[in-house]
Amino acid sequence: MARIVMKFGGTSMAGTERIRRVAGIVKRQQEAGHEVAVVVSAMAGETDRLVNFSREAHALYDPAEYDVVVASGEQVTSGLLAMTLQAMGCKARSWLGWQLPIITDDAHAKARIQTIESEALLASMAAGEIAVIPGFQGVTEDGRITTLGRGGSDTSAVAVAAGIKADRCDIYTDVDGVYTTDPRIVAKARKLKNVTYEEMLELASVGSKVLQTRCVALAMKEGVRVQVLSSFIDEHAPAADTLPGTMIVSDEELARIQEDLQMERQLITGIAADKNEAKVILTAVPDRPGAVASIFTPLAEANINVDVIIQNVGREDTDTDVTFTVPQADLDRTVAVLEANKGTIGYAKMTTDSKVAKVSVVGVGMRSHAGVAATMFKSLASRGINIQAISTSEIKVSVVIDADEVELAVRLLHTAYGLDG
Ligand code: ADP
Ligand code: ASP
Ligand code: MG
């Protein structure tokens, strides 16, 4: 007998019919003799709808009230799945974030899980009851509802898996695994049988939304076995243990697998795009120590994550331009913070552009190979795609380009690095 956490995303939960299919998959997992906890997302599109209501109510909404609104989508699907399982003759109950509880910090709209109380959950699972847990939501020490950031149900699932020491966390979604790039953009994308935690972490952080970044970081830290697989399977599909999804593995495990199969490691594992970035340019910022700190300190205090940063060479040693990107969802707040701090920063003009995207290539092979970035720049130049900003890490190169060119760029790079299937 194994203890398994099964997570179902928004497309898998969109409507009664699909929830019934999910319930069937869950029931079969339990009938195979396992203890099962299920983590669910809101129905596809529902969280977007709730986010829009919040924006309509107040352009600079209170994040604590936003959480009360957007957490409701998962409350609906967890109750519906529990009912559907009951209708199929299973014992099942929902456990809302505040009921377990899943305690988080108070960074509303992007809260971090601190602890999960698992005793009652384990007792109910041991008694044969299927636990259905709404993803994405938690509660602060003082009882206010929180959410974990978009895509956060993945993180809820891994946190529950770590909390109940599950043998595996299966993430069921609308694709049958992790691909070399988004298979909905590039038809030639190939499915990866295995991907390392480190590569998955980097891919997720640069826009492969198949898994939320924090979910991968948590799985890596807690050693949770994570598998990505499709929920769009029929009743006769083999058990999850033998389904051909993607397994997230350690570096050593991957090296062993590849040695057994006498496979060579690919230089590049995958390519990701992120259209949810916005660019901010501050012109004529005084070129003196502390100038950059005066920009980024108030942004950090407002909990806004700045991504790519470039500071131009100073003009006549008196001032300089600073360009950076922030999540598009935080652009209005970024502008408000920078306007409020204009006096201390001392810039002349602020311009913003939300029609930008970031394209990144990721692969641990980069550590030992030169020329990865050069190939990227050459391929983009060959089709006249202009690079607005660049950032790199040990296993990643990212560029910021015009949002209209992102799909072409991903396709070009997929071919250039020999990833086409
Ligand atoms: P869920 O609602 O199940 O959480 P998401 O929409 O969050 O599903 O994530 C699944 C989607 O991620 C896929 O439909 C696919 O378009 C996208 N995606 C982006 N990059 C990749 C990738 N490298 N491999 C697989 N899917 C990817
Ligand atoms: N429903 C939330 C979202 O759309 C969380 C999730 O699905 O993972 O972001
Ligand atoms: Mg998701």
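All residue numbers refer to positions in the sequence shown, counting from 1. Keep in mind that the numbers below use all heavy atoms, side chains included, and drop hydrogens, waters and symmetry copies. Whatever order the structure lists them in is the order used to number ligands and atoms, beginning at 1.
- For the pair G149 and ligand 2, the shortest N or O to N or O distance does not fall below 3.5 Å.
- At a cut-off of 3.5 Å, with distance as the only test, no side-chain donor of T146 or D67 sits close to an acceptor on the other residue.
- Between E65 and R144 a salt bridge is recorded (basic side-chain N to carboxylate O distance below 4.0 Å).
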Open item on the list: Would R367 and E394 count as a salt bridge (Lys or Arg N to Asp or Glu O under 4.0 Å) here? Give the steps.
Closed with: CA-CA 6 Å; R367 282 198 186 118; E394 215 189 352; 3.1 Å; yes

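- Heavy-atom contacts of S41 reach the following atoms of ligand 2: 6 (C), 7 (O), 8 (O) (cutoff under 4.0 Å).
- The side chain to side chain contact (heavy atoms under 4.5 Å, CB included) search around T180 returns A189, R190, L192, H414, L419, not counting sequence neighbours.
- Every heavy atom of G73 sits 4.0 Å or more from the atoms of ligand 2.
- Taking only nitrogen or oxygen atoms, main chain and side chain alike, D154 does not reach within less than 3.5 Å of ligand 2.
- Residue-level contacts of ligand 1 at the 4.0 Å heavy-atom threshold are K7, G9, G10, T173, D174, V175, G177, V178, Y179, T181, D182, P183, R184, S208, K209, V210.
- The aromatic rings of F8 and Y172 lie parallel to each other, with less than 30° between the two planes, well short of the 60° mark.
- Going from atom NZ of K378 over to atom CG of L380 covers 12.0 Å, rounded to the nearest 0.5 Å.
- In summary, of the residues considered (V308, V306, D307), a side chain to side chain contact (heavy atoms under 4.5 Å, CB included) with V326 occurs for V306 alone.
- When R150, Q137, Q212, E74 are checked for heavy-atom proximity to atom 5 (C) of ligand 2, E74 turns out nearest.
- A heavy-atom separation below 4.0 Å is found between G152 and ligand 2.
- Taking CG of D170 as the start and CG of L229 as the end, the distance is 5.0 Å to the nearest 0.5 Å.
- Legend: residues meeting side chain to side chain contact (heavy atoms under 4.5 Å, CB included) with Q75, ordered by chain and number and at least two apart, are L96.
- Here N303 pairs with A107, K110 under the side chain to side chain contact (heavy atoms under 4.5 Å, CB included) rule; sequence neighbours left out.
- Looking at atom 6 (C) of ligand 2, its nearest protein heavy atom turns out to be S153 OG, 3.3 Å.
- Contact between E46 and ligand 2 is absent, with no heavy atom of the residue lying under 4.0 Å from the ligand.
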